[in-house]
K.L.:
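Mind looking over this structure? Questions follow.
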Amino acid sequence: MDPFSDTLRRLQEAFSSGRTRPAEFRAMQLKGLRRFLQENKQLLQEALAQDLHKSTFEAEVSEIRISQNEIDLALRNLRSWMKDEKVPKNLATQLDSAFIRKEPFGLVLIIAPWNYPLNLTLVPLVGALAAGNCVVLKPSEFSRSTEKILAEVLPRYLDQSCFAVVLGGPQETGQLLEHKFDYIFFTGNPRVGRIVMAAAAKHLTPVTLELGGKNPCYVDDDCDPQTVANRVAWFRYFNSGQTCVAPDYVLCSPDTQERLLPALQSAITRFYGEDPQSSPSLGRIISEKHFQRLRGLLGCGRVAIGGQSDESERYIAPTVLVDVRETEPVMQEEIFGPILPIVNVRSLDEAIDFINRREKPLALYAFSNSNQVVKRVLAQTSSGGFCGNDGFMHMTLASLPFGGVGASGMGSYHGKFSFDTFSHHRACLLRRPGLEKIYSIRYPPYSPRNLRLLLVAMEARSCSCTLL
Amino acid sequence: MDPFADTLRRLREAFSSGRTRPAEFRAAQLKALRRFLQENKQLLQEALVQDLHKSVFEADLSELILCQNEVDLALRNLPTWMKDEPVTKNLLMQLDSAFIRKEPFGLVLIIAPWNYPVNLTLVPLVGALAAGNCVVLKPSELSKGTEKVLAEVLPQYLDQSCFAVVLGGPQETRQLLEHKFDYIFFTGNPRVGRIVMAAAAKHLTPVTLELGGKNPCYVDDDCDPQTVANRVAWFRYFNSGQTCVAPDYVLCSPDTQERLLPALQSAITRFYGEDPQSSPSLGRIISEKHFQRLRGLLGCGRVAIGGQSDESERYIAPTVLVDVRETEPVMQEEIFGPILPIVNVRSLEEAIEFINRREKPLALYAFSNSNQVVTQMLDRTSSGIFGGNQGFLHLILPSLPLGGVGNSGMGRYHGKFSFDTFSHHRAVLLAPLGLEKLNELHYPPYTDLKQQMIGWALGSHGCTLL
């Protein structure tokens with residue numbers, strides 16, 4: 001029995017009917033989404049607290065506010081984004097209408113993860129709805145409380161003939177992926193990313209994959225250790241480290257490590273107190289499985305700061321590891337927890353080599369007082385995004401595209417990039433039916449003379465293919 | 001034995017060395033490509049005659065000059081395209097530097113087809129080189145004459161540490177696809193498109209797939225039949241129909257069909273003479289296998305015009321079929337030959353429904369004197385590209401992107417779109433290390449006051465104090 005066929009057929013029919021095309025309909029959906037956030041703020045905060053022990057501050061800043069901003073941006077710009085985009089014409093096409101039309105793909109599938117279960121579900125949804133698609137949302141089954149609200153409350157705010165939430169685990173998701181979608185937007189890990197892309201390949205479905213990686217954080221000798229420690233600590237331990245763009249490990253010289261360690265301890269104590277486990281500002285690990293995984297990583301290298309854990313709360317202390325070897329698990333997999341290994345390098349060159357030997361990460365960070373150093377790291381590496389002297393701020397600016405490269409993903413979104421991601425860009429040329437005499441020069445029987453005339457017309461920069 | 005491992009490793013090392021990054025290197029490659037086209041014009045024309053009986057006119061127009069123009073466009077615009085693209089900042093990132101940097105992906109694989117073997121190999125190559133990648137080119141083994149020139153002459157012009165041509169058939173291509181590439185650009189049919197994307201999925205390699213489909217051509221009652229017939233015939237029989245954006249079938253009313261048929265005959269006779277087989281303006285079918293396939297299609301419906309064929313020359317006459325049923329092979333597969341079926345519909349509405357019941361095509365055409373009719377067709381269907389009263393859009397206007405949707409493909413290229421396709425767009429934010437006091441506002445311990453201020457800041461100005 002296929003539990004999804006009916007839902008998908010219903011949505012496909014709604015799309016074919018054209019209901020989602022008019023700007024008014026799309027604006028209404030976005031306003032519905034906005035009301036959903038406004039009217040259920042407390043409910044959502046409670047769910048996030050339940051799922052991840054997320055403080056209201058973090059929930060507000062990284063989930064609710066970001067989603068609201070994206071909705072507002074889309075509502076403000078919808079009409080201008082929807083406009084046909086005229087393209088430069090040449091002399092020959094002066095009488096023609098030449099433009100790129102943005103069209104919805106049709107039925108979009110959004111598969112969301114559990115770490116920012118609101119943000120990473122709603123922000124793609126904003127783009128898909130603004131672009132005029134029908135949407136199937138598959139929230140993560142790990143963030144159960146948020147999943148419940150998305151499944152039971154959110155649909156009431158949207159037109160349910162064009163929107164559906166489906167629930168389930170890996171097996172149901174696999175079943176879902178056997179169906180044909182017109183676009184698939186996936187946020188998660190690279191292993192599942194491969195599965196999603198392989199499934200999409202069967203139907204020639206285009207995809208955006210927001211994956212992960214080990215995001216390097218290079219700390220130069222020339223820096224103020226406390227400032228760097230504050231920033232790195234905040235971005236690492238935010239959401240208890242469960243952030244795809246968090247700094248995953250630090251690369252620095254042994255000297256800088258010596259200066260960083262006390263500064264990191266100082267930052268951690270200042271942020272979370274002497275007993276971080278009792279700080280309301282610190283999150284918890286999503287599940288038993290991930291908790292065990294992270295507890296295992298605590299055995300790598302040597303614990304310099306933290307290292308405590310409490311299974312009953314799925315609590316892992318803000319931890320810094322030193323003396324780690326590249327072959328240890330903590331340097332092999334994406335950490336996705338409040339553990340920060342420091343790896344020593346003897347120079348900037350060595351750091352760059354180290355980074356380039358590995359998979360391209362989603363984010364890359366470089367801290368230095370020297371502009372030159374930061375620019376060198378930027379110029380000699382590749383990553384989804386890059387931030388000099390700060391953490392994942394780049395993803396809060398909607399005018400920057402957010403996406404990976406290589407093993408960290410493909411495609412991008414946020415702001416207008418979301419709208420463009422969920423739209424097919426259709427090239428259009430509309431010509432008047434007359435003027436046939438002029439065009440005759442291109443027809444057979446081909447003659448060298450006609451060819452010369454045509455080529456002259458084409459060679460003129462402004463006058464390509466006049467007589468075509 | 002893996003015949004490709006060494007070549008790929010060499011190219012990867014060259015890319016890691018950074019050789020392809022500077023604008024000067026890329027410009028040198030593009031200039032060399034330009035010289036290749038200029039110095040081997042006759043050689044290429046002869047190869048195209050050999051492969052497809054392509055006339056000099058068609059070869060120049062749709063292959064050589066088109067490539068020249070793309071190379072020239074890239075050379076002219078390279079510095080601009082390579083520039084970091086600043087983005088709008090919010091109030092409090094004013095001291096920061098925020099921009100999008102275009103970076104090459106690394107090792108790019110371009111798999112090209114046989115129907116426009118120069119164009120569909122070199123135009124993607126222009127984009128890949130301009131964007132700073134190392135490139136592996138896999139030309140089609142079916143267009144043997146052109147394949148030879150691309151394999152033996154082209155590499156002499158380019159830096160061979162960063163560029164290689166690999167040869168072979170389906171088996172070799174599959175072997176090649178087991179390797180990891182940083183981008184794959186494929187032009188071909190949907191069936192192989194799926195195989196390419198599945199192979200790419202194993203390595204999380206992004207792809208552009210330029211596929212095909214049955215491109216509908218709606219002809220309204222309100223039109224001048226001769227004008228329409230001229231245009232449709234030219235686009236259909238150009239390169240003997242072996243064009244992914246050619247009109248594949250016509251949709252019109254029985255009345256319009258009555259007026260179109262003599263007009264089509266007239267156009268065909270005017271273009272190719274009484275005996276099209278002896279016209280130098282008409283191409284030939286690429287291979288025995290495709291010839292047989294097309295000859296089979298001649299049995300569908302009823303031949304209204306043409307229908308002749310000659311195996312010894314792989315010649316198929318410019319043909320129009322009528323009374324075809326949707327279930328017949330000619331309406332099931334992409335024709336890719338000089339055969340034009342006409343399918344009757346009783347209204348625009350029926351035509352739109354017919355089109356929307358089928359896979360999204362690469363191109364869609366509507367011919368009508370009425371702007372409204374053209375607009376309706378545009379608004380209520382989807383396709384890679386759309387032409388109103390016109391075909392061969394990208395030939396006419398290079399600033400238009402060429403790409404499919406749904407079954408006809410994903411991604412697009414030509415001009416700047418090529419450069420952007422072969423570049424990773426990296427979001428960059430450079431902040432100063434100072435001003436730490438400002439950051440204090442968002443550090444834990446989180447308090448209600450901090451939250452209120454952050455809420456205010458984020459609401460009106462975007463992430464002000466983060």
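Basis for what follows: all heavy atoms, side chains included, without hydrogens, waters or symmetry-related copies. Naming convention: chains lettered A, B, ... in sequence-line order (proteins, then strands); numbering from 1 in each chain.
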K.L.:
So, does Ser281(A) use its side chain to make a donor-acceptor pair with the main chain of Pro445(B) at under 3.5 Å?
P.N.:
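Side chain of Ser281(A) to backbone of Pro445(B): no pair is present.
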K.L.:
Need one label for Arg270(B): side chain, backbone, both or neither, based on atoms under 4.5 Å from any heavy atom in chain A.
P.N.:
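Contact with chain A: backbone and side chain both.
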K.L.:
Between Arg231(B) and chain A, with a heavy-atom cut-off of 4.5 Å, which part of the residue counts as in contact: side chain, backbone, both or neither?
P.N.:
both
K.L.:
At what distance, to the nearest 0.5 angstrom, does NE2 of His425(A) lie from CG of Leu400(B)?
P.N.:
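Answer rounded to 0.5 Å: 14.0 Å.
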K.L.:
Taking atom OG1 of Thr396(A) and atom CG of Leu429(B), what is their separation to the nearest 0.5 Å?
P.N.:
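That separation rounds to 7.5 Å.
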K.L.:
Counting only heavy atoms closer than 4.5 Å, note whether Pro280(B) contacts chain A via side chain, backbone, both or neither.
P.N.:
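Nothing of Pro280(B), per the 4.5 Å heavy-atom cut-off to chain A.
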K.L.:
When you measure from the side chain of Arg426(A) to the backbone N and O of Leu378(B), does any donor-acceptor pair fall under 3.5 Å?
P.N.:
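Here the side-chain-to-backbone pair exists.
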K.L.:
Does Val87(B) offer a backbone N or O that forms a donor-acceptor pair with the side chain of Ser399(A) under 3.5 Å?
P.N.:
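Side chain of Ser399(A) to backbone of Val87(B), a donor-acceptor pair under 3.5 Å: no, none is there.
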K.L.:
Counting distance only, does the side-chain N/O of Asn389(B) pair as donor-acceptor with the main-chain N or O of Arg431(A) below 3.5 Å?
P.N.:
yes
K.L.:
Check salt bridge (Lys or Arg N to Asp or Glu O under 4.0 Å) between Arg357(A) and all other residues, then give those that pass, not counting sequence neighbours.
P.N.:
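Checked Arg357(A) against salt bridge (Lys or Arg N to Asp or Glu O under 4.0 Å); matches are Glu326(A).
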K.L.:
When you measure from the side chain of Arg426(B) to the backbone of Leu378(A), do you find a donor-acceptor pair of N or O atoms at a distance under 3.5 Å?
P.N.:
yes
K.L.:
Rounded at 0.5 Å granularity, tell me how far CG in Asn389(A) sits from CG in Asp96(B).
P.N.:
9.5 Å
K.L.:
Run the side-chain hydrogen bond (donor to acceptor under 3.5 Å, both in side chains) test against Gln68(B) and tell me which residues pass, sequence neighbours left out.
P.N.:
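side-chain hydrogen bond (donor to acceptor under 3.5 Å, both in side chains) list for Gln68(B), sorted by chain: empty.
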K.L.:
What part of Ile64(A) gets within 4.5 angstrom of chain B, counting heavy atoms only: side chain, backbone, both, or neither?
P.N.:
neither
K.L.:
Name the region of Ala200(B), side chain, backbone, both or neither, that has any atom closer than 4.5 Å to a heavy atom of chain A.
P.N.:
both
K.L.:
Which atoms of Glu359(B) come close to chain A, meaning under 4.5 Å heavy atom to heavy atom: side chain ones, backbone ones, both, or neither?
P.N.:
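For Glu359(B), side-chain heavy atoms alone lie under 4.5 Å from chain A.
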K.L.:
Ignoring hydrogens and geometry, is there a side-chain-to-backbone donor-acceptor pair from His424(A) to Met410(B) under 3.5 Å?
P.N.:
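Flag not set: sc His424(A) to bb Met410(B) has no pair under 3.5 Å.
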K.L.:
Please check if the side chain of His203(A) supplies one atom and the backbone of Gly406(B) the other of a donor-acceptor pair under 3.5 Å.
P.N.:
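Checked: no pair found.
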K.L.:
Measuring from atom CZ of Phe386(A) to atom CZ of Arg101(B), what distance do you get when rounded to the nearest 0.5 angstrom?
P.N.:
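The CZ atom of Phe386(A) sits 9.0 Å away from the CZ atom of Arg101(B).
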K.L.:
Is Phe367(B) in contact with chain A via its backbone, its side chain, both, or neither, using a 4.5 Å heavy-atom distance?
P.N.:
neither
K.L.:
Side chain, backbone, both or neither: which part of Leu364(B) has a non-hydrogen atom closer than 4.5 Å to chain A?
P.N.:
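Only the side chain of Leu364(B) comes within 4.5 Å of chain A.
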K.L.:
Would you mind checking which part of Thr88(B) comes under 4.5 Å of any heavy atom in chain A, side chain (CB onward), backbone (N, CA, C, O), both or neither?
P.N.:
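Both parts, backbone and side chain.
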K.L.:
Run the numbers on Ile100(B) and Phe417(A) for side-chain contact (heavy atoms from CB on, under 4.5 Å), then give the verdict.
P.N.:
CA-CA 12 Å; Ile100(B) 299 170; Phe417(A) 301 102; 3.9 Å; yes
K.L.:
Using non-hydrogen atoms and a 4.5 Å limit, figure out which bit of Ser368(B) sits close to chain A: side chain, backbone, both or neither.
P.N.:
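Backbone only.
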